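Below is one structure, written out as structure tokens, with a few remarks after it.
Please read all numbers here as calculations on a predicted model, not as lab measurements.
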Amino acid sequence: MEFFCYHRDRAGSVALRAESVEDHWAYMDRFEAELIARGPAFDAGGEVPAGSVHIVDLPGPAAARAFAFDEPNYQAGVYRDVLLRRWRNLLGRTMWEFPGGRTGGNRYLVLGLGPVPGRAAADGAVTCPGLPPGTDHDDLIAFGPLLSDDGATWVGTAALVRALDRERAAGVLGPVRYAGVEVYEWEFGGRR
């Protein structure tokens with residue numbers, strides 16, 4: 001089962017984050033085989049950490065909650081909250097298989113949260129968009145729907161994308177209207 005985990009940084013936690021970086025990496029090393037993507041997100045300008053993305057394939061919801069809340073930065077108080085959702089890997093690859101490699105170009109985390117009310121199919125279910133039409137899939141690092149705990153209801157979309165700027169990065173969500181869209185600068189994570 002695939003999960004999207006976004007730990008959002010608490011204001012003023014940069015020094016605490018730096019102190020626990022080795023513990024964080026050692027913890028993530030234990031999940032190397034399960035990770036689909038990982039890396040820090042930054043506020044505009046790329047200087048101040050905004051959070052940490054981990055997309056991971058785990059046995060189930062209990063394992064995902066343990067992964068998210070046993071994480072050393074979370075335990076140390078670096079993060080203010082956690083977005084943990086079921087996720088579906090529509091690209092079928094990991095970030096390490098991204099044709100664009102680890103460096104080069106601007107990278108972004110794009111979150112489309114909560115479909116706008118009224119975006120329901122005829123049966124009343126909220127419909128989940130697939131890969132956005134007209135998007136160069138070679139610029140998508142990771143892309144997939146955020147889902148309810150049971151995996152049955154679409155509640156948003158999460159993407160890691162290479163784009164010229166924040167506006168173009170947000171465009172990867174396509175024509176779907178969301179209650180909120182967040183865009184952060186992002187970079188490949190892990191040991192260098």
Validation row: F42, E47 side chains within 4.5 angstrom (heavy atoms): no
Atom of G112, atom of L173 and distance for their closest heavy-atom approach: CA-CD1, 3.8 Å
Aromatic plane relationship, F67 with Y27 - under 30° parallel, 30 to 60° tilted, over 60° perpendicular: tilted
Backbone of L160 reached by a side-chain donor or acceptor of W186 within 3.5 Å: no
Nearest-0.5 Å distance, CG of residue N89 to CZ of residue F143: 11.0 Å
Distance, nearest 0.5 Å, that separates CZ of F31 from CZ of R38: 11.0 Å
Closest non-hydrogen atom pair between A170 and V110, with its separation: CA-CG1, 4.1 Å
Residue R168 excluded, over 12 heavy atoms near CZ under 6.0 Å: no
R102 vs E187, side-chain contact (heavy atoms from CB on, under 4.5 Å): CA-CA, chis, key distance, verdict: CA-CA 8 Å; R102 290 183 64 96; E187 64 183 41; over 6 Å; no
Stepwise salt bridge (Lys or Arg N to Asp or Glu O under 4.0 Å) test for R17 and D9: CA-CA 9 Å; R17 180 190 262 266; D9 278 38; 2.7 Å; yes
Distance-only check: which donor-acceptor pairs under 3.5 Å involve side-chain atoms of residues 69-81, not counting sequence neighbours?
unit_1, atom_1, unit_2, atom_2, d
E71, OE1, N73, N, 2.8
E71, OE1, Y74, N, 2.8
E71, OE2, H24, ND1, 2.4
E71, OE2, N73, N, 3.3
N73, OD1, S20, OG, 2.3
N73, ND2, Y79, OH, 3.1
Q75, NE2, F69, O, 2.4
D81, OD1, R8, NE, 3.3

Minimum heavy-atom distance L109-Y6, with the two atoms named: CD2-CE1, 3.7 Å
Smallest separation among heavy atoms of L111 and A158, with atom names: CD2-CB, 3.8 Å
Criterion side chain to side chain donor-acceptor pair (under 3.5 Å) against R162, the qualifying member of D138, D139, N106: D139
For A37 against W96, the heavy-atom pair lying closest together: N-CZ3, 4.3 Å
